[in-house]
Amino acid sequence: MSTELPKTYSPKETEDKIYKLWEESGFFSPEGLPSVALAKKGKISEPESFTIIMPPTNANGSLHAGHGLVLTIEDIMTRYKRMRGYKTLWLPGLDHAGFETQVVYEKKLEKEGRSRFQMDRQQLYDEILEFTLNNKKNIEDQTRKMGASCDWLREKFTLDKDIVETVYETFEKMTNDNLVYRGKKIINWCSKHQTSLSDLETNDIEQKDNFYYLQYGPFVIATARPETKFGDKYVVMHPDDERYKSYKDGRKIDLEWINGPITATIIKDKAIDMAFGTGVMTITPWHDSIDFEIAERHGLEKEQIIDFHGKLLPIAGEFAGMSVSKARPLIVEKLKSKGLLVKIDEDYKHAVKKCYKCESVIEPQIKDQWFLKMKTLAEPAIKAIENGDIVFIPEHYKKISLHWLKNILDWNISRQIAWGIPIPAKICVQCDEGIVDTRDKITACPKCGGDIRPETDTFDTWFSSGQWPFASLGYPDSKDYKTFFPTDVMETAGEIIFFWVARMIMFSLYITGKVPFKTVYLHGLVLDAKGQKMSKSRGNVINPLDFTDKYGTDAFRMGLVIGNTPGTSLALAENRIKGYMHFANKIWNVARFVLMNINTNIDPEFNSYNEKQKEYLNELAEIAKEITDDMDNFRFYIASEKIYHYFWHTFADKIIEDQKNSVKNPADKDNTASQQLLGNILLTCLKLLHPFMPFITEEIYSKLPLPQKTLLMIENWP
RNA sequence: GGGCACAUAGCUCAGCUGGUUAGAGCGUCGCAUUCACAUUGCGAAGGUCGGAGGUUCGAGUCCUCCUAUGCCCACCA
């Protein structure tokens with residue numbers, strides 16, 4: 001009754017077939033699981049639930065190696081818990097990814113010689129929607145290729161109607177709780193993308209620039225940005241600075257400036273660093289956040305110098321209409337000719353804020369934007385983390401999160417882009433008041449009675465994805481929310497701990513009163529073979545499907561997980577994956593050997609083993625115990641290595657070699673016991689391997705002579 | 001300026017709460033091979049665990065300092 005396996009294992013022919021088998025089995029859904037079905041019939045008690053919400057994939061391209069890692073680790077956890085009998089749910093999702101997607105789409109437009117600024121807003125939205133929905137299908141297929149055993153029936157998209165509703169309800173509650181405000185504040189403006197950005201969406205890049213010392217009446221001031229100085233009519237110094245004691249606060253001074261004579265006012269403020277430069281500066285409140293704050297403190301006028309396209313305004317006189325970069329040298333030239341340029345320091349190093357997507361210099365601008373007060377939201381999150389209600393893996397992310405939460409600033413949640421969830425509000429055309437209006441009921445400005453227009457800004461995408469754990473489960477009334485929330489594990493990239501993880505914690509505590517997840521598992525980056533970050537511009541981006549095609553998904557998954565400790569980045573060398581393809585081959589051949597030599601059903605209850613065989617089984621039980629312990633403690637990098645090592649160097653190299661004679665010789669007194677020994681060890685190994693290498697193990701399992709079997713994916717964990 | 005992490009074999013990294021001759025994968029070298037598998041087997045070489053000090057019966061593992069590296073946060077004009 002021996003079953004023959006083909007001589008070689010072909011991932012290509014096996015994987016799609018196996019995935020289809022899984023998907024059709026209904027076991028991806030918790031209610032389809034045998035343990036849940038039995039409980040429903042009252043035969044066993046209700047199993048505990050285990051939930052992972054998949055970080056919603058950005059629906060704006062293909063999966064990259066990082067996604068491969070997310071899917072692999074989450075699938076390992078899910079499959080493990082499922083085999084342990086948990087009511088297991090892994091909920092997949094897709095993110096419209098507002099700004100990110102719009103940037104991707106704008107690049108596409110650019111290639112086609114088009115621009116979003118020539119497009120109707122609705123048309124742009126519709127095109128991006130179509131683009132996104134096309135990608136959605138693609139991403140779902142790729143996710144299946146990775147072997148992800150997630151519940152497709154529950155798949156959510158961040159623009160689903162019920163999600164948007166939840167987001168609006170949250171916004172309304174925050175408004176009622178006085179956590180939302182709209183105000184003219186200084187914000188990060190990207191002139192290229194024509195939108196404001198949050199602090200997290202800008203990068204401080206250190207660079208060397210000229211530092212200009214300018215004669216400003218009796219003072220020398222220093223600046224790296226002379227083009228902003230046209231409107232400077234306040235000169236500020238520290239109140240304790242002895243050098244400028246004779247200049248009293250509020251005193252007016254007439255002086256000759258870039259475009260003619262002006263009157264400047266002396267301001268004393270403690271924000272000035274006496275030791276820096278000359279200890280005197282002029283301020284540009286519209287284009288600098290410190291200057292803005294000084295102006296606010298003293299009630300000073302603010303004037304815009306640079307428009308939203310990065311061009312100088314009429315206040316710049318002859319330079320009006322010029323871009324900053326073009327105007328700067330000309331302005332310096334003029335200052336020089338007027339004798340106002342004292343000196344230039346050419347070695348000035350400072351940090352310049354840039355757009356994290358296009359690296360354009362961020363121009364601080366004053367603009368009416370929607371802000372979220374963060375301090376009150378952060379406090380419960382800080383407490384929950386300090387109490388250990390949420391455990392971080394690796395541990396040091398606890399400190400990192402706390403540090404950020406304790407120093408949190410208000411969050412600009414409005415973006416001037418079409419692609420996103422519209423902010424449900426009206427703006428008064430007369431007094432500029434912004435009124436939150438989630439039910440679309442307001443018809444006139446409650447403040448001045450003026451006409452209103454709908455707000456055109458959309459939410460920062462993280463405002464909606466921050467609510468994902470409870471929104472995707474159907475908060476507040478659904479059965480899923482009641483069953484699966486709080487979730488068990490959030491597994492995502494360490495990179496987005498502030499963008500996403502910290503905010504999910506704040507939102508969940510605020511809305512549901514509960515933490516969104518008990519454990520945060522943060523993985524590092526997947527780097528290329530040389531240890532360099534993958535990027536499109538470097539051209540070293542790995543498409544996971546290239547590797548799964550070439551070496552099989554199981555091998556790719558092993559390459560991602562073995563030895564990859566949480567939090568540290570992984571250099572993904574092709575050789576690594578190739579090595580695990582060899583391992584898959586080894587598994588296949590071991591299975592072939594066992595199947596060739598077994599002529600009876602595998603009997604897990606068999607116990608007439610000789611002493612040595614018993615020792616082998618004890619050793620395996622010991623390894624299984626260790627692996628289980630590793631799995632329970634998120635040490636997948638070591639669990640996978642242990643089973644790899646045991647399978648190859650103990651089972652194949654030692655046990656099989658040792659049993660070869662008896663298993664091949666029907667006359668041998670140990671023949672039956674040898675058959676049972678090898679059959680049982682193989683079965684146990686397949687179970688232990690299944691979370692890591694689901695395809696090949698399921699395929700072999702289907703060929704095993706077992707009295708009764710279903711699918712390996714729901715077999716009991718050893 | 002503040003914070004976090006890392007430094008272990010040629011390369012990429014494990015080493016959990018301190019305990020006998022420090023591990024893995026890849027690579028290198030030697031030998032074997034009509035066997036389930038050359039996508040193989042057996043074997044070998046290779047590390048004073050960044051440096052200095054300390055705690056301890058005992059430290060790669062804990063503490064301090066130093067050096068190197070990487071990352072994050074931050075409103076010095």
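The analysis underlying the following values was restricted to heavy atoms, covering all of them including side chains, and did not include hydrogens, waters or symmetry mates. We name chains A, B, ... by the order of the sequence lines, and we start the count at 1 in each one.
At a threshold of 4.0 angstrom between heavy atoms, the contacts of A/F292 with the nucleic acid are absent. Looking at heavy-atom distances under 4.0 Å, A/I186 makes no contact with the nucleic acid at all. Within 4.0 Å (heavy atoms only), A/I656 reaches at least one base atom of the nucleic acid. A/G279 comes within contact range of at least one nucleobase, with a heavy-atom separation under 4.0 Å. At a threshold of 4.0 angstrom between heavy atoms, the contacts of A/D273 include nucleobase atoms, whether or not backbone atoms are also involved. Using a 4.0 Å heavy-atom distance criterion, A/K578 is classed as making no nucleic acid contact.
Taking atom CD1 of A/I205 as the reference point, atom P of B/rA74 lies 13 Å away to the nearest angstrom. If you measure from atom NE2 of A/H403 to atom P of B/rA74, you get 10 Å, rounded to the nearest angstrom. Taking atom OH of residue A/Y9 and atom P of nucleotide B/rU39, one finds them 18 Å apart after rounding to whole Å. Computed from coordinates, the A/H350 NE2 to B/rC76 C1' distance equals 11 Å when rounded to whole Å.
Here the nucleotide nearest the side chain of A/R592, chosen from B/rA36, B/rC4, B/rU39, is B/rA36. Taking only side-chain atoms of A/V590, from C-beta outward, the nucleotide of B/rA36, B/rU39, B/rA77 with the closest atom is B/rA36. With B/rA36, B/rC73, B/rA77 as the choices, the nucleotide that has an atom nearest any side-chain atom of A/K229 turns out to be B/rA77. When each of B/rG25, B/rC72, B/rA36 is scored by its nearest atom to the side-chain atoms of A/F498, the top-ranked nucleotide is B/rC72. Of the listed nucleotides (B/rA36, B/rA77, B/rG25), B/rA36 has the atom at the smallest distance from the side chain of A/N589.
Taking the ring axis of A/Y348 as reference, the NZ or CZ atom of A/K208 does not stay both within 45° of it and closer than 6.0 Å to the ring centre. Within the cation-pi definition used here (under 6.0 Å to the ring centroid, within 45° of the axis), A/K398 does not qualify as a partner of A/F392. With a 6.0 Å cutoff to the six-membered ring centre and a 45° limit on the axis angle, A/K268 does not count as a cation-pi contact of A/Y244.
Along RNA chain B, the nucleotide nearest to A/K7 and the one nearest to A/A222 differ in position, and the one closer to the 5' end is contacted by A/K7. Comparing A/W588 and A/G579 by the nucleotide of RNA chain B whose heavy atom lies nearest to each, the residue mapping closer to the 5' end is A/G579.
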Just the table, please: protein N/O against nucleotides 8-18 of chain B N/O, every pair under 3.5 Å.
{"from": "B/rC13", "atom 1": "O2'", "to": "A/G563", "atom 2": "O", "distance (Å)": "3.4"}
{"from": "B/rA14", "atom 1": "OP1", "to": "A/T565", "atom 2": "OG1", "distance (Å)": "2.7"}
{"from": "B/rG15", "atom 1": "OP1", "to": "A/Y637", "atom 2": "OH", "distance (Å)": "3.0"}

Under 3.5 Å between N/O atoms: give me all the protein pairs with nucleotides 40-47 of chain B, atom names plus distance.
{"from": "B/rU40", "atom 1": "O3'", "to": "A/K586", "atom 2": "NZ", "distance (Å)": "3.2"}
{"from": "B/rG41", "atom 1": "OP1", "to": "A/K586", "atom 2": "NZ", "distance (Å)": "3.4"}
{"from": "B/rG41", "atom 1": "OP1", "to": "A/W648", "atom 2": "NE1", "distance (Å)": "2.2"}

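Under 4.0 angstrom from either OP1 or OP2 of B/rA36 there lies at least one side-chain N or O belonging to A/K664. A/Y348 has a side-chain polar atom (N or O) that falls below the 4.0 Å cut-off from OP1 or OP2 of B/rA77.
For the C1' atoms, the distance from B/rC76 to B/rG15 is 45 Å, rounded to whole Å.
Ring centroid separation for the pair A/Y646 and A/Y644 does not come in under the 6.0 Å cut-off.
Using the six-membered ring where Trp is involved, A/H649 and A/H645 have ring planes that are tilted, between 30° and 60° apart. Note on ring orientation: taking the six-membered ring where Trp is involved, the planes of A/W500 and A/W462 are tilted (angle from 30° to 60°).
Remark: the A/E201 side chain and the A/N188 side chain contain no N/O donor-acceptor pair separated by less than 3.5 Å. At a cut-off of 3.5 Å, with distance as the only test, no side-chain donor of A/D199 or A/W411 sits close to an acceptor on the other residue. For the residue pair A/H350/A/E206, the side-chain donor-acceptor check at 3.5 Å is not satisfied.
Pairing for B/rC62 goes to B/rG54, judged as Watson-Crick or G-U wobble with the two contacts each under 3.5 Å. With a cut-off of 3.5 Å on both Watson-Crick or G-U wobble distances, the partner of B/rU28 is given as B/rA44. Under the Watson-Crick or G-U wobble criterion, with both distances below 3.5 Å, B/rC16 has no partner in any strand shown. Base pairing annotation: B/rA5 forms a Watson-Crick or G-U wobble pair with B/rU69, both donor-acceptor distances under 3.5 Å.
In terms of polar N and O atoms assigned as donor or acceptor, the side chain of A/E395 never comes within less than 3.5 Å of the base of B/rA5 in a complementary pairing.
Atom CD of A/Q207 sits in a crowded spot, with more than 12 heavy atoms from other residues, nucleotides or ligands closer than 6.0 Å.
When each of A/V236, A/I267, A/I283, A/T265 is paired with A/H298, the side chain to side chain contact (heavy atoms under 4.5 Å, CB included) condition holds for A/I267 and for no other.
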